[in-house]
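These notes concern the structure reproduced below.
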There are 2 protein chains.
Amino acid sequence: MDPFINYIKLYIDLSHEAETEIQQLALYEEVAKGHQLLEVGKTARRLYFIVSGTIRTFFYQKGKDVTYWIYPENSVITSWHSYLLKKPSAEYIEVIEDSMLISLSYDEWQDLYSKYPELERFGRLLFQEQIALLDDFYKGYYFMTAKEKYELLLQFFPDITLRANLGYIASMLGISQETLSRIRGK
Amino acid sequence: MDPFINYIKLYIDLSHEAETEIQQLALYEEVAKGHQLLEVGKTARRLYFIVSGTIRTFFYQKGKDVTYWIYPENSVITSWHSYLLKKPSAEYIEVIEDSMLISLSYDEWQDLYSKYPELERFGRLLFQEQIALLDDFYKGYYFMTAKEKYELLLQFFPDITLRANLGYIASMLGISQETLSRIRGK
DNA sequence: TACACTTTTTGACCTATGTCAAAATTTGTG
DNA sequence: CACAAATTTTGACATAGGTCAAAAAGTGTA
C-alpha cells in the first residue's frame, strides 16, 4: 500500500476519488544521502512525506552549521515559513540518510483542498498536530541545563543518536558538540 | 462590528449563516488583570480571541515563574497541546492587562467545521499561520546571545515592554531578569 | 590490511550569564 | 500626598558551558 495514503487515512476517511488523484499527482523519489531538497533563498514548493530515511533542516549562523530539526520516516516536512508564505527559505533541507520520499506541490494541495473537503480537514488536522508538537517541545525548554535538554530530546526521538551525528544533535539543542559529548560520557 | 468576525474575514469569505451562528455561540467577556483563564492540570476547553488587553502563558520550573509567551490584542490563544489533544494543561493562562475576550468551545468549533466548509478552511489557515510564526521565531534563536534574543523579540513585538514586565519578558527569552535589565541599560 | 577521511572525545582555558542580596525607582491606593 | 507594594537596577561573585586544539576512535574502500 501507498504509505502516504495510509498516513492520510490516520486522520480522515479518504474518498476513492481523492485517493486516486493524490496517487496520480504524487511524486515518488529515492534520494541519496547528502542531497539538498531546498536551499536558502529559494522558495519551498513542495510538501514531502518521508517513507524511509532521515532528513534535517539547517542554516548557517555566524559561519556555523546549525541543525534546526531532524525528521525520521513517517514525518511530513517542508520549510513551513517558506512553503506557506511563499517566501525565500532561511534554511536548507538536506537528506542525511538515503530516503524514499513522496511529495506534492503547494499548488496541487490548494486544488485538492478545494476539491475534497476531507482533504481540507486533513490539512487542518495535520497543522494542528504540528502545533501541538512544537508547543509541547519548546515548553520549559528554556532554563534547562544542557543535560536536561538532551534528556528531553531523547524522550521525543529515542533513536535520534542512530539517525544523526553528534554535531547535528548538539546544535538542535543549542549546545556545543563538545558539551554533548561530555554529557554522554556521563 | 464584531472584531472576531472581522478577524475571520481576513482569512476567508464567511457566509451569512455561519456569521450568525458564530455570533450566537460566542461568549463575550471582560476579564480583569490577574484572572486565570486556565490552570495547570485542567483541560483547555475554549479558544479565545483577544479583542483588547494582554495575556500570557506561564508555568513553574524548579519553583520559578517562567513566561512562555505573551499575546496582545488580535491574537488567538489557548493552550494548544491541551486544547487540541484534550489533555491536562502544563501551563497557566493569565490575563495581565484588563481584557475583552471572545471565545468558543472546542466542541462548538468541531460542529462549525463540519457545518461550514469555509470554517474548516479558516481553521487550516489559522493553524498554518501559527506554524509559520513559531517556525520563524525559533529559527536561529539558539546560539544567540542574550542581547540578540532581546533584539529579535523586539522585532516581533515592538511594544512588548509596554505590555509586560521585565521578569516576564526575560523568562520568555530564557534569560534572567538581571541580565535583561543590564542589556537595556546599554 | 591499511590508508584516508569522518566523527567523537579529551584537555586547558575563558567568558557570558546566572545567583543572591540590597538599593533604587515606579506604581497603586486610602 | 504618603505609604506600601511591586518592579527594576546595581553590585559582587560563581559557574555552566563555550572555544580551540589535538588525540582517539570509527568507517569506508581499494
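A note on names: the letters A, B, ... follow the listed sequences, proteins ahead of strands, and every chain is numbered from 1.
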ring-ring contact (aromatic ring centres under 6.0 Å, His included) filter on B:Y7, not counting sequence neighbours, yields B:Y11, B:F49
message = Looking at B:K62 and A:E148, is there a salt bridge between them, counting it only when a charged N and a carboxylate O are closer than 4.0 Å?
response = yes
Taken to the nearest whole Å, CD1/A:I169 to P/C:dT9 is 11 Å
Does C:dG18 have its OP1 or OP2 closer than 4.0 Å to a side-chain nitrogen or oxygen of B:T179? yes
Taken to the nearest whole Å, NZ/A:K33 to P/C:dT6 is 11 Å
- prompt: Does the distance from a Lys or Arg side-chain N to an Asp or Glu carboxylate O, for B:R163 and B:E73, drop under 4.0 Å?
  reply: yes
Contact class for A:K147 (heavy atom, under 4.0 Å): base, sugar-phosphate, or nothing?
nothing
Which of D:dG18, D:dT19, D:dT10 is nearest the side chain of A:K64? It is D:dT19
As a check of understanding: the bend across the helix from C:dT1-D:dA30 to C:dG30-D:dC1, end axes from five pairs, rounded to 10 degrees, works out to 50°
A:L162 atom CG is separated from C:dT7 atom P, nearest whole Å, by 16 Å
Between CZ of A:R182 and C1' of C:dC13 the distance, given in whole Å, is 11 Å
Identify whether any heavy atom of A:K149 sits under 4.0 Å from a base atom; if not, whether one sits that close to sugar-phosphate; answer base, sugar-phosphate or nothing.
-> nothing
B:F143 atom CZ is separated from D:dA16 atom P, nearest whole Å, by 19 Å
ask   = Is a donor on one side and an acceptor on the other found under 3.5 Å between the side chain of A:S181 and the backbone of A:T179?
value = no
Just to be sure I understand the rule, does B:G167 reach a base, reach only the sugar-phosphate, or reach nothing, if contact means heavy atoms closer than 4.0 Å? sugar-phosphate
Connected to A:Y92, directly or through other members, by ILVMFWY side-chain contacts below 4.5 Å are A:V40, A:F58, A:Y60
B:L180 atom CG is separated from C:dT17 atom C1', nearest whole Å, by 12 Å
Closest non-hydrogen contact found for B:V95 with B:V31 is CG2-CG1, 3.6 Å
Here the distance between atom P of D:dA24 and atom CD of A:Q177, to the nearest Å, is 18 Å
From CG of B:N165 across to C1' of D:dA5 the rounded distance in Å is 14 Å
Contacts of A:E178 and A:A146 projected onto DNA chain D by closest heavy atom; the upstream (5') one is A:A146
**OP:** State plainly whether one hydrophobic cluster holds both B:Y106 and B:L25, where clusters connect Ile, Leu, Val, Met, Phe, Trp and Tyr through side-chain heavy atoms under 4.5 angstrom apart.
**Re:** yes
